[in-house]
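All values derive from a computational prediction rather than experimental measurement.
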Amino acid sequence: NASNSDGANGYDPAPKMALITVTGGADGETIILDGGISSILMVLTTDSGADAVAVGASVSSKTITLQYLSGTSNTTNVMVLYN
């Protein structure tokens with residue numbers, strides 16, 4: 001039989017994930033997370049526009065700044081892991 005002896009109540013704090021789509025992004029575009037978020041752990045980006053565009057991101061506190069390395073994008077998908 002399954003048992004739970006560690007006292008967990010069904011919700012243990014754990015990293016959360018947000019999936020964000022940015023349309024018409026330009027170099028320096030920012031995403032600001034708020035509402036009880038304590039820190040951003042990781043950001044992954046990919047361009048899904050018609051043309052191949054290299055895109056990256058930098059993080060400072062709760063702000064993500066997109067960096068387009070080869071032009072601008074029509075659509076950028078951003079996956080964020082945060083606490």
Side-chain angles (χ1 to χ4, degrees):
N1 292 337
S3 70
N4 182 358
S5 61
D6 65 359
N9 62 7
Y11 175 80
D12 290 328
K16 290 129 188 93
M17 180 174 65
L19 301 174
I20 303 166
T21 300
V22 178
T23 304
D27 198 34
E29 192 82 38
T30 59
I31 300 168
I32 301 171
L33 301 181
D34 203 1
I37 295 168
S38 60
S39 65
I40 294 174
L41 304 172
M42 182 179 70
V43 176
L44 296 172
T45 59
T46 184
D47 176 66
S48 61
D51 297 325
V53 175
V55 60
S58 62
V59 175
S60 176
S61 185
K62 299 178 191 176
T63 302
I64 301 165
T65 303
L66 299 179
Q67 297 147 350
Y68 294 94
L69 307 174
S70 58
T72 59
S73 172
N74 289 327
T75 306
T76 301
N77 298 311
V78 182
M79 183 178 83
V80 184
L81 293 178
Y82 63 92
N83 280 328

Verdict with supporting geometry, Ile20 and Leu33, side-chain contact (heavy atoms from CB on, under 4.5 Å): CA-CA 11 Å; Ile20 303 166; Leu33 301 181; 4.3 Å; yes

Under 3.5 Å: donor-acceptor pair, side chain of Lys16, backbone of Ala14: yes

Search all heavy atoms of Ser48 against all heavy atoms of Asn77 and return the closest pair with its distance. OG-ND2, 3.4 Å

Side-chain hydrophobic cluster, 4.5 Å single linkage: members besides Met42: Met17, Leu19, Leu41, Leu44, Met79, Leu81

Please report the interatomic distance NZ(Lys62) to OG(Ser39), rounded to the nearest 0.5 Å. 9.0 Å

Of the options Thr30, Val43, Thr45, which is the one that meets Leu66 in a side chain to side chain contact (heavy atoms under 4.5 Å, CB included)? Thr45

Taking every heavy atom of Ser58 against every heavy atom of Gln67, the minimum-distance pair comes out as OG-NE2, 3.1 Å

Compare every heavy atom of Tyr68 with every heavy atom of Thr76, then report the nearest pair and how far apart it is. OG1-OH, 2.7 Å

